[in-house]
Protein chains: 2
Amino acid sequence: MKARSSDKHLSKPSDMNTALKIAEDSDGLFSDDDGILPSLKVSLADKVADYLREAIFRGKIAPGEQLREVPLSKVMGISRGPIRDAMNRLEREGLVTIPRNGRTIVARLTQEDFDEVYSLRLGLERVAMQYTIRNATPADLGEMQQIVNVMVEAVNRGISEKDAADLDLHFHDVLYQASCHKRLQSVWADLRPQIYIFLLSRNVADSDFRIQMTRHQEIVDVIRARDEAQALQVIETHLQVAYNRISKTYK
Amino acid sequence: MKARSSDKHLSKPSDMNTALKIAEDSDGLFSDDDGILPSLKVSLADKVADYLREAIFRGKIAPGEQLREVPLSKVMGISRGPIRDAMNRLEREGLVTIPRNGRTIVARLTQEDFDEVYSLRLGLERVAMQYTIRNATPADLGEMQQIVNVMVEAVNRGISEKDAADLDLHFHDVLYQASCHKRLQSVWADLRPQIYIFLLSRNVADSDFRIQMTRHQEIVDVIRARDEAQALQVIETHLQVAYNRISKTYK
DNA sequence: AATACTAAAATTGTTAACAATTGACAGTTG
DNA sequence: CAACTGTCAATTGTTAACAATTTTAGTATT
């Protein structure tokens with residue numbers, strides 16, 4: 001019986017035991033005392049969510065895999081409570097789905113998901129631009145410009161898909177920060193991980209991402225000019241180009 | 001010592017014991033078996049969240065009050081776990097804030113919050129309109145028209161502020177439903193309770209809400225016509241008028 | 001009166017155990 | 001073979017208790 005169970009277990013690579021994979025990484029990640037200031041202590045749930053999120057980004061945990069509380073709590077050496085909280089956090093970010101049966105499944109992001117993510121993103125970033133134009137400080141603008149400079153230099157030197165995605169989203173992080181609109185920031189925080197996944201997987205398939213990197217200068221310029229009508233145009237174009245670029249990789 | 005504590009306790013009406021207020025309502029709300037199909041069984045956390053959300057809407061629990069797990073679990077007759085989950089749910093909806101110290105405080109919604117909610121709402125509903133125009137079925141349109149008919153009739157007969165708010169949001173619920181855009185629906189579900197609170201409190205202060213009710217017919221018509229450019233214009237105007245109307249009540 | 005310190009109470013974070021639900025599997029029936 | 005049923009293991013939901021953190025109250029000092 002155990003042999004049969006094992007055979008079935010190995011018949012689907014996507015069913016490889018998630019907890020075993022995580023056990024490879026779990027060298028005291030969760031049980032150590034961080035030695036940081038108590039008021040900045042990071043909760044176990046946050047640590048677990050951060051770990052799982054990264055594991056999903058790296059492909060260590062694949063779409064369709066189920067995240068089970070009990071095995072995870074064993075390999076992480078913590079109780080199930082914080083794991084539950086972490087999984088609720090990941091659900092909010094769209095990285096997992098928790099259907100009616102309560103099981104937590106890593107999300108498969110389809111082309112339809114992509115369409116939703118980018119249409120929602122456009123709706124958000126239009127509002128963000130309106131607020132950023134109003135609220136961006138010279139420091140914000142300086143930070144955005146710095147990121148663009150790093151982008152341009154990196155593209156010239158040769159840049160990996162991951163670094164491109166990191167810089168791209170970091171730029172938009174600062175844009176949202178500059179908007180001083182807490183709710184926008186919150187929705188962005190929830191949407192960002194899905195966008196990252198799309199960028200990571202789709203940049204591999206599309207060599208034009210480097211061209212897209214350099215377009216961020218337009219955004220900085222139009223914010224600096226505080227020109228709202230132009231700003232909306234620029235962000236729409238920016239995201240539409242990104243949308244089209246990634247969309248092509250689904251064909 | 002106990003007498004002094006009691007004196008201090010009564011010195012701030014907003015500090016009246018939240019759990020005592022909830023005890024008035026908690027006649028088996030949470031511990032009863034619903035007798036519904038098992039597959040449709042509502043979790044305790046959902047029940048608690050629903051109850052607390054309504055209590056906040058009714059003003060039974062006031063902005064600034066702290067929701068404490070232990071007293072709540074005692075009066076509700078359940079453990080703290082589901083209460084924690086419920087409070088996390090309410091945080092997501094912006095009804096409570098959970099600062100760094102972990103305490104859960106019912107949110108005070110300021111004019112700035114109002115500004116954020118409505119700007120975000122506009123960004124979302126533009127996207128929703130684009131999708132609804134594409135995806136609305138005759139049944140969706142029929143449902144929206146039915147709600148508008150009820151609105152018009154109710155305004156003519158005389159309608160309470162609460163009923164107006166209920167109908168208003170129900171109309172937009174259907175709009176989002178018709179969009180077939182899951183992420184939009186999810187963000188709307190999180191934003192909706194805050195909008196409801198603004199409508200409830202501000203409708204009292206502004207007698208023009210009845211005029212606003214009747215403007216929903218325009219939305220139905222433009223969706224029916226599948227005219228996207230016009231649709232964006234209509235929803236912007238609709239929300240701008242609503243924004244202006246409520247904004248005035250802050251002066 | 002204002003500030004600082006300390007201890008205790010209050011509150012939240014986490015854990016382990018029990019309860020309830022879901023899924024997998026074997027056997028039976030048509 | 002497909003569909004159904006029953007059993008049991010797996011998994012999640014909830015609870016009570018312990019651990020850690022934050023707040024409050026009381027006292028001493030300036």
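Chain A is the first sequence line, chain B the second, and so forth, proteins listed ahead of strands; every chain is numbered from 1. Because the structure is a prediction, the values reported are computed rather than measured.
- Listed by first then second residue, pairs satisfying ring pair (Phe, Tyr, Trp, His ring centres under 6.0 Å) with a partner in residues 60-107 of chain B number zero, not counting sequence neighbours.
- Separating the CD1 atom of B:Ile105 from the P atom of D:dT22 is a distance of 14 Å, rounded to the nearest angstrom.
- Listed by first and then second residue, the ring pair (Phe, Tyr, Trp, His ring centres under 6.0 Å) pairs involving residues 54-80 of chain A are A:Phe57-A:Tyr196 (not counting sequence neighbours).
- Rounded to whole Å, the distance from CD1 on A:Ile83 to C1' on D:dT11 is 13 Å.
- A straight line from CG of A:Leu44 to P of D:dA20 spans 11 Å, rounded to a whole angstrom.
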Pull out every protein N or O sitting under 3.5 Å from an N or O of nucleotides 4-7 of chain D, one pair per line with the distance.
none

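- Of the candidates B:Trp188, B:Tyr131, B:Phe171, B:Tyr176 forms a ring-ring contact (aromatic ring centres under 6.0 Å, His included) with just one, namely B:Trp188.
- Rounded to a whole Å, the CZ atom of B:Arg100 is 12 Å from the P atom of C:dG13.
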query: Where along nucleotides 5-12 of chain C does protein come under 4.0 Å, by heavy atom, of base (B) or sugar-phosphate alone (S), with - for untouched nucleotides?
result: ------SB
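- Here B:Tyr118 pairs with B:Phe114 under the ring pair (Phe, Tyr, Trp, His ring centres under 6.0 Å) rule; sequence neighbours left out.
- Every residue meeting the side-chain contact (heavy atoms from CB on, under 4.5 Å) condition with B:Ser79, not counting sequence neighbours, appears here in chain and number order: B:Pro82.
- Residue A:Ser79 places at least one side-chain N or O under 4.0 Å from the OP1 or OP2 atom of C:dT15.
- One distance of note links CG of B:Leu191 with CG of B:Leu169; it measures 10.0 Å at 0.5 Å rounding.
- Side-chain contact between B:His181 and B:Asn135 is absent, with no heavy atoms from C-beta onward closer than 4.5 Å.
- Look at NZ on B:Lys74: it is 15 Å from P on D:dT15, rounded to the nearest Å.
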Intermediate values then yes/no, salt bridge (charged side-chain N to carboxylate O under 4.0 Å, His left out), A:Arg92 and B:Asp190: CA-CA 11 Å; A:Arg92 182 170 171 174; B:Asp190 289 345; 5.3 Å; no
